[in-house]
Amino acid sequence: NATDLGVSGCARLAYDIAFDDEVKPGSVFRYSSSTFFVAAAVAMKVTNSASHDEVFRKYLGEPLELSDKSKFDWPWWAKMAVKQMRANDPASCFHSTLMDFSKFLEAVYTKQVFKSQALAEEAETPQTLGTWNRGSFSEEGVHMPTSEPVRGSESLTEKFRWHYGLGQWTECDDPDCKKTTSSSIGYAGSYPWIQRHGAGHWGMLMRFEMNPNGKRLATLQRLKHRVASAMEAFQAGA
C-alpha cells in the first residue's frame, strides 16, 4: 500500500518502476505527479527536514512571510488521496490563500525565489523540445498513451502549444517557442501564470471545478489572453 511508504518510500518506488535505465535523460517526456515525490525526497534529504512541508515553510513560506494557511495539508484532498494511494502528496496536497499565492507569484516574477538566476531561467525554459512523448491529454483531459515527438498538449488550447519546464508548464506563444508563458493549472480549477515577454505581468484565474476537461481549460486560457491583451493596451496607453 503506497500510503504506508511515506514520501521517500513512494519516491523510491516511483524511481524503481518508472525510470528506465535504457532511456537517455532528456529524450522522453511523460507528465506525472510521481516526479514530485522524487523531488520532495531529495529536498528533504539535502535539507535534513522531516517533511516536504517543513522544506516549504523554511525556504519559501517564512522568507516570503506567507501565512500558516499555506501548507501541504489540504484536508479534503488528503481524505480523497487515501483512496488513490496518494496521501500527503507533494504534488497535490498544497493549499493556500489568494493573498499568499499572490506574494509567491510576485516573488517568482521578480526572481526572488532562487539565489541562482540561471536556475530561475532554466525552470521557465521548455525542457521537452525534441523529446518523445509517453502520455498526453485527450480533449477530455484524460492521459492517453502515445509515442510521438512532443509538440505540446495542443488539445488543451485552440492555437498555442504547451511544453514542460521544471515543475511547470511552458506555453509557447509563438511557433518557435521562443516566447513562453509559465503556468500551473490546478486540479480544482486555479490557473496562475507568469508572462515575461511583451507586457510582462503575472496573474491568476480561478474556477472551482474538479478535474476540468480540455475545453474548460481552453476557456480559462482564452480569458488569460484577454488579460494579457488588456495589459499590453494599458502599457501602450501609459
Side-chain angles (χ1 to χ4, degrees), residues 25-32 35-36 39 60 91 101-139 141 146 148-187 189-207 212-238:
S27 63
V28 171
F29 167 70
R30 173 183 288 170
Y31 179 78
S32 170
T35 51
F36 284 87
L60 276 178
F101 209 86
S102 296
K103 288 182 179 180
F104 171 71
L105 286 174
E106 177 68 17
V108 175
Y109 182 72
T110 55
K111 298 185 177 181
Q112 300 178 44
V113 173
F114 295 105
K115 291 182 178 179
S116 169
Q117 294 305 307
L119 181 58
E121 294 176 4
E122 185 71 10
E124 298 179 15
T125 300
Q127 303 292 324
T128 53
L129 295 171
T131 65
W132 286 81
N133 193 3
R134 285 191 175 179
S136 62
F137 289 104
S138 70
E139 291 185 356
T146 63
E148 60 182 13
V150 172
R151 296 189 300 271
S153 301
E154 298 180 35
S155 60
L156 292 181
T157 66
E158 292 188 342
K159 59 183 296 187
F160 299 103
R161 299 169 300 144
W162 291 36
H163 279 273
Y164 208 70
L166 301 182
Q168 61 196 318
W169 292 104
T170 50
E171 305 174 26
C172 301
D173 296 330
D174 66 337
D176 298 324
C177 212
K178 298 297 184 182
K179 299 178 180 179
T180 62
T181 296
S182 299
S183 65
S184 180
I185 283 185
Y187 185 85
S190 62
Y191 186 7
W193 74 87
I194 291 177
Q195 177 181 308
R196 298 195 184 279
H197 63 83
H201 66 283
W202 61 263
M204 181 163 62
L205 295 170
M206 290 178 289
R207 172 177 178 168
N213 63 29
K215 292 182 179 179
R216 294 187 179 93
L217 293 181
T219 298
L220 285 174
Q221 193 180 49
R222 284 195 294 271
L223 289 173
K224 185 206 71 173
H225 284 299
R226 289 186 180 183
V227 172
S229 297
M231 290 291 295
E232 291 178 1
F234 175 78
Q235 291 192 10

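Numbers here are sequence positions counted from 1. Reckoned from all heavy atoms, side chains included, excluding hydrogens, waters and symmetry mates.
Screening His163, Lys179, Lys224 for a side-chain hydrogen bond (donor to acceptor under 3.5 Å, both in side chains) involving Glu171 leaves a single residue, Lys224.
What you find for Phe101 and Met204 is that their closest heavy atoms are CD2-SD, 3.6 Å. The shortest heavy-atom contact between Gln168 and Ser182 is OE1-CB, 3.4 Å. Across Gly203 and Leu105, no two heavy atoms sit closer than the pair O-CD1, 3.9 Å. Here the shortest heavy-atom pairing between Pro126 and Thr180 reads CG-CG2, 3.9 Å.
Tyr191 contributes atom OH, which lies 10.5 Å from atom OG of Ser184 (distance to the nearest 0.5 angstrom). Rounded to the nearest 0.5 Å, atoms CG (Leu119) and CD (Glu124) are 10.5 Å apart. Atom CG of Asp173 sits about 3.5 Å away from atom NE2 of His197, to the nearest 0.5 Å. Going from atom OH of Tyr109 over to atom NE2 of His201 covers 8.5 Å, rounded to the nearest 0.5 Å.
Listed for the Thr128 side chain is a donor-acceptor partner under 3.5 Å among the backbone atoms of Tyr164.
Between Thr170 and Thr125, the closest side-chain pair of non-hydrogen atoms is not below 4.5 Å.
In this view, Lys111 and Glu121 satisfy the salt bridge (Lys or Arg N to Asp or Glu O under 4.0 Å) rule, not counting sequence neighbours. Not counting sequence neighbours, Lys103 has no partner by the salt bridge (Lys or Arg N to Asp or Glu O under 4.0 Å) test.
Between Glu122 and Gln127, the side chains place a donor N or O and an acceptor N or O closer than 3.5 Å (distance only, hydrogens not considered).
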